[in-house]
Every structure is written in C-alpha cells, then in structure tokens.
There are 2 protein chains.
Amino acid sequence: MTASAPAVDADGIRVAVSTVIFALRRREGAAGAPGWELVMPVVRRIRDPYEGRWALPGGWLRPDENLDAAAARTLGETTGLAPSYLEQLYAFGDVGRSPSRVVSIVYWALVRADEAAAAGAPENVAWFAVDGLDGLAFDHDGIVEYARWRLENKVGWSRIAHGFLPELFTLADLREVHEAIVGRRLDPANFRRQVESAGGILATDEFRTGAHRPARLYRTDGESELAERGPLRGG
Amino acid sequence: MTASAPAVDADGIRVAVSTVIFALRRREGAAGAPGWELVMPVVRRIRDPYEGRWALPGGWLRPDENLDAAAARTLGETTGLAPSYLEQLYAFGDVGRSPSRVVSIVYWALVRADEAAAAGAPENVAWFAVDGLDGLAFDHDGIVEYARWRLENKVGWSRIAHGFLPELFTLADLREVHEAIVGRRLDPANFRRQVESAGGILATDEFRTGAHRPARLYRTDGESELAERGPLRGG
DNA sequence: GCAAAAGTGTTAGGGCTACACCCATGC
DNA sequence: GCATGGGTGTAGCCCTAACACTTTTGC
C-alpha cells in the first residue's frame, strides 16, 4: 500500500478495498501426484498495525473510482497482476477488526498460471499455498477461508474454472483445475460428458500433441458470461 | 432517515446501510388463487436527492456499530420492524449512483407476516408488491431485483423460508411460502418428501384443525442455522 | 508391442416429477 | 355421503458414479 491514508472524517470511517487472489501452481517436490495447488499472493505490511505480517493486497477507495475499479487498481499496484476474473466477495466492517474504523469491500479474483509467473515477485509480495495459510493480519484469515468456500461452491455451477486457463485448453486441463479446487480426483469420462452437456466450451480443430494420444483443444464460448451472478452487472 | 448526514471527509466518501425487506401478504382482491405475494416496505424521501420518491429503508453507518447492527437499527428506525432473518446482500459504490459519493452496504431481510401487520404503517412508509415495483430512488430498482434473485435462489438450497413462518406451521404453510417465492405451484406430495428428507424441521404432536383433515404442526429445528453461508458468521 | 492418456459405452442407483390412491375431517 | 385437503405409493425419467472398453499416440 503505497498510497497514504485518506483524511479521516468526523465519524472516523474509512473505506478500503482488498482482494483475495487465487492462482494455480504445480505442486512442488511431492510424490507422483502431478496435480496443481491453489496459491495466493499476500503483501508484507510495512507499517502499523500488524507491521511485518502478511495481508491481502488492497488500498483505499478513491472518490472518483468505482469499487470494481478500485479492486483492480489496488491489486495491480501491489502485486503487478491483472485478474482474468474479479467478483465482489463481501463487505467486512466490524468495529474491532482494525484499530481504526475501516470498512473493507473485499473482492476475489482469479489469475492464469502464466500471468502469475510473468508478474515475477515484486518487493514485499509472497505466494503461499491457500490450504495451510494462517497468521495473516487483521481478520484476513477468515476472509480467505470464506473466499475459498465461495470458489469451491461456485466452480460446481458456473464456469469460473476457465479463469485459470489460457485461450486453448484440453479437457484434461479443465479437469485438473476442477480437481485442484474441489480437492479430489474426478472421473475423466464423466467429467467430459458433464462439461460437454453443460455447454460453454467450443471444440476446435487443433490438438495438443504429447507423450500419448493427442487431445483436442477447446476454447471458452465467449457468448455467455464467465460466471452467472443474476441481475448484477457490477456496482 | 431522521439522522443527519455525517461530516464529509477529505475524500467525500460516506458509508450508508440499506435493507431490502421481504414479507408475505395475502393476495388481495384477486381470483380464487388463495396464495401469498411478496411485499416490501419503502420509505418516502423527504429531502434531495430524489425528494418524494420511494427508497429502501436505511441510514448512515455509525462509527461504533457493526454493519449488521447498523442494518437492524436503521430498518427498525424507519419501519418499526425487527427482522427474523438478516443477511448482507452486496456493497454498491458506483461513482454516479448518487450526487455525492456514497458506498451503500445493502442487506436483505425477512419479516413474518404477523410482525409486518403489527408494525402498522409508520409515517412515510408504504408496502408494495415486489413484482411490479418500479421507480425507486437511486439505483434501488436494480438492488431490489438482485435481492429478489438471491431470495429465489437461496430458498432452493437453504431453509430461509422458515423466516416467514411463526413457530408452529403446517407443511402446507411452508409450501405456500415456497410457492410465493418461486412463483409457481408445487406438488404437495413431492414437497413433503423433499422437506422431510432435507431435515431441519421437527414434527410436533399438535395438529391444526380446520375445514378438513387436521394437519400436523411442525417447528424449525433450532439445532442448525437458518441459512448456511459457509465459514461466515457476520462481519 | 507396450504404456498411458483420449475418448466411448454400459449399467446400477438415486433423486425428481407426475399422478394415482387412500385417510380424516366438517358439513 | 361428499368435498377437500392431508398424506402415501409408485412408475418413468434424468442425472450421476463407477468402470469396462476401444482408440491413438510415443517410445
């Protein structure tokens, strides 16, 4: 957070915007399991409160920008990332969650694996596996837990998993993303049929060649939105 | 909104809390359909902007109260109601949604039919059917539409419908609540089995006598929460 | 040929839907 | 008895899980 805090008004309430950012990373070391794991970037706080602790990337809401824009801006400023998917998570505003009164509009975002790698490692930014994550500043542990729950739920009835994938992908790619999110292996045959009948993907004429039988490449069907959220279009 | 606006800070951002309140009312006039319809209270604005227009009940967030408490307080002050269920809906903060910069943390609430009737009709409060509602102040039309969508979705996988019912109710009561929310008739036989297998209700030894065969009375199983929302407990 | 992943087929089970049917009460 | 809502039974359909099986490639 390089921006300075806004002047505090008579009521002492300030509005911040933070983001829980999910990405996928090849599971390191590890046994034969060739899977992926969920990781997220956190930034080290350089001032009180919680100086030295890891916290969600974020910053103060500016008077001339929408909430969505503030989330995209602050996560870009702190981590160098541009999200492939961004959605509001929840507004946290308990009196005791910070020494001063701060209402945090929290977003959650997905970034593609290649983007996460390209962003490098800015100063004071570190990536951690989401599962064992603990000890964040403020109430951010609980916020991450809630975002994780929302991601796992939403992957079951929307197409947000595509937010982790490049333009062209195989059904095995898509399945591995789902497996990483729900935390268990999925039957390739059944997964194929479910995805095909649900729609939202388009088969191309290209194949990915490799060690075995070539796999057909698919692309996301741009016609429909990435994730349904009812009559909401942002605000 | 009897409270005066807080002083505007250097950034000019103020935090408000509003609530979309749902209740059920016997369908008036109408044909033989003995059903219920969703209604909600709105308050007439007594100052600019949108003076004279109907708006969601709400008020300014106080520096010493949590968001949930602010929602409960402001809807009580403006409408005299105490909700049987209250959940955060979304934070709206677009730059242009109000002449001055206001971030609104919007909640949605359920009140029981008897409570709604007991609250009477405070000054400048009116109840309208949700379905034809239009012409509210600010961006409140869209907010109501989103809350309506959330209610209809959530009734399918949680037990929030109980928020409309008194302590003791028949399965027909519960079914009529669902019918009013989803907007179509439900098969009594299948509804009974689904509710019973889903759990969450306890059969009592009492029956409601009436014009026909007495119907068994049930009560909500207090063991589990009214609505699952993951690892979130309020904030 | 062999291993392994891509992709297809098949079957059993569960839940949902539609609807037939019986039960209990007021009139 | 009759009408009506309460409550039970049942058969078809669809979706899912499990897993056998065929196809296609690199080595």
Side-chain angles (χ1 to χ4, degrees), chain A residues 26-27 31-36 152-153 155-159 161 165-166 168-219, chain B residues 26-27 31-36 152-153 155-159 161 165-166 168-219:
Chain A
R26 286 219 128 76
R27 202 180 303 277
W36 301 75
E152 184 167 343
N153 269 329
V155 79
W157 54 270
S158 79
R159 302 189 288 116
L165 293 171
L168 294 177
F169 54 88
T170 67
L171 290 182
D173 292 337
L174 183 59
R175 177 170 49 81
E176 285 174 0
V177 169
H178 280 251
E179 289 174 343
I181 294 174
V182 302
R184 67 174 194 276
R185 307 305 294 265
L186 301 173
D187 184 296
N190 296 329
F191 182 81
R192 163 183 300 274
R193 275 181 293 250
Q194 286 163 7
V195 168
E196 282 174 343
S197 73
I201 60 171
L202 296 173
T204 71
D205 292 332
E206 301 173 70
F207 290 81
R208 175 183 298 164
T209 177
H212 303 293
R213 172 174 172 176
R216 183 179 294 274
L217 289 171
Y218 292 79
R219 76 173 69 246
Chain B
R26 286 218 128 79
R27 201 180 304 277
W36 301 74
E152 184 168 342
N153 267 330
V155 79
W157 54 270
S158 80
R159 301 189 288 114
L165 293 171
L168 294 178
F169 52 89
T170 67
L171 290 182
D173 292 337
L174 183 59
R175 177 170 48 82
E176 286 174 1
V177 169
H178 279 251
E179 287 174 343
I181 294 173
V182 302
R184 67 173 194 278
R185 308 304 295 265
L186 301 173
D187 184 296
N190 296 329
F191 182 81
R192 163 181 301 272
R193 274 181 295 250
Q194 286 164 5
V195 168
E196 282 174 344
S197 74
I201 59 172
L202 297 173
T204 70
D205 292 333
E206 300 172 71
F207 290 81
R208 175 183 298 166
T209 178
H212 303 293
R213 172 175 173 176
R216 183 179 294 274
L217 289 170
Y218 291 78
R219 74 174 70 245

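Below, chain A is the first sequence line, B the second, and so on; all start at residue 1. It should be emphasised that the depicted structure is a prediction, and the values quoted were computed from it without experimental measurement.
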request  = Assess whether side chain to side chain contact (heavy atoms under 4.5 Å, CB included) is satisfied between A:L171 and A:Y218, documenting all intermediate values.
outcome  = CA-CA 7 Å; A:L171 290 182; A:Y218 292 79; 3.5 Å; yes
key: Evaluation steps, side chain to side chain contact (heavy atoms under 4.5 Å, CB included), between A:W36 and A:R26   = CA-CA 5 Å; A:W36 301 75; A:R26 286 219 128 76; 3.5 Å; yes
request  = Kindly determine whether B:H178 and B:R175 satisfy side chain to side chain contact (heavy atoms under 4.5 Å, CB included), including the steps that lead there.
outcome  = CA-CA 5 Å; B:H178 279 251; B:R175 177 170 48 82; 5.6 Å; no
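DNA chain C is contacted by both B:Q194 and A:A189; A:A189 maps to the nucleotide lying nearer its 5′ end (nearest heavy atom per residue). Place A:G210 and B:A215 on DNA chain D by their nearest nucleotides, and B:A215 ends up nearer the 5' end.
Across D:dT10, D:dA17, C:dT8, the shortest atom-to-atom separation from the side chain of B:R193 is found for D:dT10. Distances from the side chain of B:H212 to the nucleotides C:dG7, D:dA3, C:dA3 place D:dA3 closest. Nearest to the side chain of A:D187, among C:dC19, D:dT25, D:dA18, sits D:dA18. The side chain of B:R175 lies closest to D:dG6 when the candidates are D:dG6, D:dC19, C:dA6.
Atom CG in A:L171 sits roughly 17 Å away from atom P in D:dT24 (whole-Å rounding). We find that CG of B:N190 is positioned 13 Å from C1' of D:dC13, with the value rounded to whole Å. Rounded to an integer number of Å, the gap from B:E196 CD to D:dG6 C1' is 12 Å. Atoms CG (A:L186) and C1' (D:dA18) sit 13 Å apart, rounded to a whole Å. The distance from atom CZ of A:F207 to atom C1' of D:dG26 is 17 Å, rounded to the nearest whole Å. In this structure, the CZ atom of A:F169 is 16 Å from the C1' atom of C:dA6, given to the nearest Å. For the pair B:R192 CZ and C:dG15 P, the interatomic distance rounds to 19 Å; values are reported in whole Å. Rounded to an integer number of Å, the gap from CG of A:L174 to P of C:dA5 is 18 Å.
The shortest side-chain heavy-atom distance between A:I181 and A:V177 falls under the 4.5 Å cut-off.
Nearest approach of B:L168 to B:R208, heavy atoms of both residues: O-NH2, 4.2 Å.
Contact annotation: A:R213 side-chain N/O to D:dT23 OP1/OP2 distance is not under 4.0 Å.
Note on B:A172: only backbone sugar-phosphate atoms sit closer than 4.0 angstrom, heavy atoms only; bases stay farther off. Counting any heavy atom pair closer than 4.0 Å across all strands shown, B:R216 reaches sugar-phosphate atoms only and no base atom.
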